[in-house]
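For the numbers below, each heavy atom of this structure counts, side chains included, while hydrogens, waters and symmetry mates do not. Note on naming: letters A, B, ... go to the chains in the order of the sequence lines (proteins, then strands), and numbering restarts at 1 for each one.
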Amino acid sequence: MLENNGGILLNIEDLKVVYKTDLETVEAVNGISLTVMKGRTLGLVGETGAGKTTTALSILRLLPSTTGRIERGKIEFNGQDLLKLDENMMRVIRGNQIAMVFQDPMTSLNPVMTVGDQIAEAIELHNGKMPHEEVNRRVENILQMVGIMPQRRFEYPHQFSGGMKQRVVIAIALSCEPELLIADEPTTALDVTIQAQVLNMIKDLRDRLGTAMLLITHDLGIVAQICDDVAVMYAGEIIETGTVEDIFIGDWRHPYTAGLFNSLPDLRSQATRLKPIPGLMPDPSNLPNGCVFAPRCGNRMDICEKEHPKTVQKAQHRLSCHLYATGENPRRRDVT
Amino acid sequence: MGREETSLRMEKTTGIEKITFKRQSQAKEIWRRFKKSKGAVFGLGMLTIILAVILLADVIAPYSLATRQNMSLKLAPPSWGHIFGCDGYGRDIFARVLHGGRTSLSIAVIATMTSCLLGSILGAVAGYFGKVIDSVICRALDIFMSVPDILFTMAVVVALGANFINLLVALTLAYFTNYVRLVRSQVLNLSELEYVEAARAGGASSARIIATHIIPNAMGVIIVNTTLNVAKIILYESTLSFLGLGMPPPAPEWGLMLAEARAFLRTSPHLLLFPAAAIVMSACSVNLIGDGLRDALDPHLKS
């Protein structure tokens with residue numbers, strides 16, 4: 001967020017999302033705020049169940065209609081509050097200005113339509129009057145851009161490998177040249193060698209098209225590779241945000257973020273065991289009163305269990321932890 | 001996987017050529033897969049012959065033959081003059097089977113189409129939108145289903161009178177419930193899938209999602225059910241005629257012929273044999289085609 005390439009694209013403020021069932025209320029996202037700048041990539045990092053996907057679905061207003069509900073907050077896209085738009089206006093934005101890549105390419109393509117038809121559909125949805133030749137040309141261009149032979153547009157999804165399918169999914173997402181691409185763990189379902197290829201391709205296309213990106217992942221390696229900014233999410237809250245440098249080499253570090261780094265294998269260290277974070281994420285239908293991370297935190301203090309920590313800020317780097325409550329504390333080396 | 005790397009070197013071809021190429025190849029592809037199933041090809045052949053004969057009925061044996069009574073030929077066994085023999089009023093059975101087929105098959109096909117259309121639309125709407133709409137449609141359906149099919153059709157025909165249109169209405173109302181339930185369950189399953197979510201994230205409208213993503217994926221099941229239903233409706237409609245609620249005599253009609261043949265079953269079984277064979281053959285061929293189509297339309301089974 002240091003160098004603004006033309007201002008704020010997406011601004012989420014105090015967003016709270018709950019899933020209501022007859023039995024319980026699950027607080028999936030708890031008053032988060034985040035900002036995606038034009039042309040920059042924000043990595044949203046966190047464990048399974050931290051509320052990352054819920055955040056993404058809220059932006060597109062695609063929460064399951066029977067249970068999901070946005071309780072409060074603002075989601076501003078280009079200065080326009082998406083939560084106030086009606087369904088028809090939302091449809092114009094979906095796919096055209098904000099596109100989404102889903103986690104599992106195996107299931108996110110329609111099995112009975114050729115991939116070319118699926119890309120063409122995405123283009124025609126938002127360019128109703130475009131002549132067929134033009135649509136076809138764009139389909140072929142976009143396929144070429146994602147590294148698939150244009151001839152393969154007549155093939156069905158099951159004739160593609162996982163990595164190729166994800167390329168098709170990305171092609172669909174980018175076909176209308178959206179301003180914001182939301183990628184929900186785009187490489188999780190792929191094997192490692194393909195992950196690298198697909199990531200490089202995403203990075204390359206993002207740079208070429210100047211698309212801003214919200215990249216949801218649990219892989220810090222991916223974050224280091226392609227993100228500009230990072231937001232770390234835990235139990236529905238953003239506990240730390242900053243630039244990649246702030247998070248990876250800054251002198252403040254939230255104990256949870258520290259835990260995430262300790263769970264990564266490090267080639268340079270001699271340690272024979274990883275140090276995972278003990279315990280599990282709290283039940284989102286029954287969150288602790290104080291700091292949500294307190295039950296698992298190695299640096300827990302009395303205050304942590306009673307009071308919700310305030311956000312402290314240093315330049316772009318913000319985090320919520322009692323350890324840094326004074327705003328002066330040096331980075332604690334002993335955080336686990 | 002090696003092929004993708006060469007993509008940049010590929011020559012560009014114009015889109016128009018490709019579209020025509022594609023349309024052809026897809027139809028060809030389905031036909032190629034359809035041909036692989038011997039049963040389906042046999043069914044198609046049989047149905048083609050049946051339809052051809054029925055369509056050409058006027059040329060082969062004029063309608064007057066089917067209704068003209070000739071008591072001297074009463075219960076005549078098959079002979080060169082009357083290859084299927086004659087019935088209790090001395091009418092030519094061959095001509096009656098041909099002309100009866102027109103009524104029977106057209107009622108069966110049209111009633112299947114209308115019930116499929118009505119049921120699929122209602123089912124898709126119920127499954128996709130859920131909530132109140134779903135409840136209303138399902139409860140209304142319960143009312144229809146609480147009356148046994150045969151009783152329901154009979155009631156409708158009796159109330160409205162027995163003619164071609166009313167038979168269609170009765171059979172449609174009796175059968176559309178199957179499709180509502182079938183399509184609704186399919187839609188419930190399919191709309192949970194990620195590609196539907198992805199389509200929605202791409203800005204597709206509900207109508208579009210139903211039409212391009214959900215229905216085509218449910219098509220296999222719908223087609224098989226439809227062909228099974230054509231066969232069922234042929235039998236059903238024969239039942240109605242058998243009970244005297246079908247097309248009014250002296251119009252030739254397969255079920256009616258069975259009913260009339262019953263009186264002479266012991267002495268002249270050929271009265272029963274030919275219309276029954278016609279029913280069995282058409283029901284069978286439609287079923288075989290349905291099975292073949294299901295396999296041919298499913299791209300997963302492409303080999």
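- Residue B/M113 qualifies as open at atom CE: its count of foreign heavy atoms under 6.0 Å is 12 or below.
- Chain B forms more heavy-atom pairs under 4.5 Å with one residue of A/R94, A/M90, A/E87 than with any other, namely A/R94.
- Applying a 4.5 Å heavy-atom cutoff, none of the residues of residues 207-217 of chain A approach chain B.
- Contact of A/E121 with chain B is made through backbone and side chain together, with heavy-atom distances under 4.5 Å.
- Only the backbone of A/I98 comes within contact range of chain B, with heavy atoms under 4.5 Å apart.
- When the heavy atoms of residues 191-219 of chain B are compared with those of chain A, the residues falling under 4.5 Å are B/E194, B/Y195, B/E197, B/A198, B/R200, B/A201, B/G202, B/G203, B/A204, B/S205, B/R208, B/T212, B/H213, B/P216, B/N217, listed by number.
- The parts of A/D104 that come within reach of chain B are both its backbone and its side chain, each placing non-hydrogen atoms under 4.5 angstrom from that chain.
- For B/F42, the CZ atom is loosely surrounded, since the number of other residues' heavy atoms within 6.0 Å does not exceed 12.
- Interface remark: of the candidates A/N88, A/N110, A/T107, A/V169, A/N110 forms the most heavy-atom pairs closer than 4.5 Å to chain B.
- For a residue to count as touching a neighbouring chain, one of its non-hydrogen atoms must lie under 4.5 Å from one of that chain's; by this rule A/L62 touches chain B with backbone and side chain alike.
- Ranked by non-hydrogen atom pairs under 4.5 Å with chain B, the options A/V101, A/L109, A/I172 are led by A/L109.
- Contacts with chain A (heavy atom to heavy atom, under 4.5 Å) involve these residues of residues 117-142 of chain B, listed by number: B/K131.
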Between side-chain atoms of residues 227-235 of chain B and protein atoms elsewhere (two or more places apart, or another chain), which donor-acceptor pairs fall under 3.5 Å?
| unit_1 | atom_1 | unit_2 | atom_2 | d |
| --- | --- | --- | --- | --- |
| B/T227 | OG1 | B/I223 | O | 3.3 |
| B/T227 | OG1 | B/V224 | O | 2.8 |
| B/N229 | ND2 | B/Y179 | OH | 3.1 |

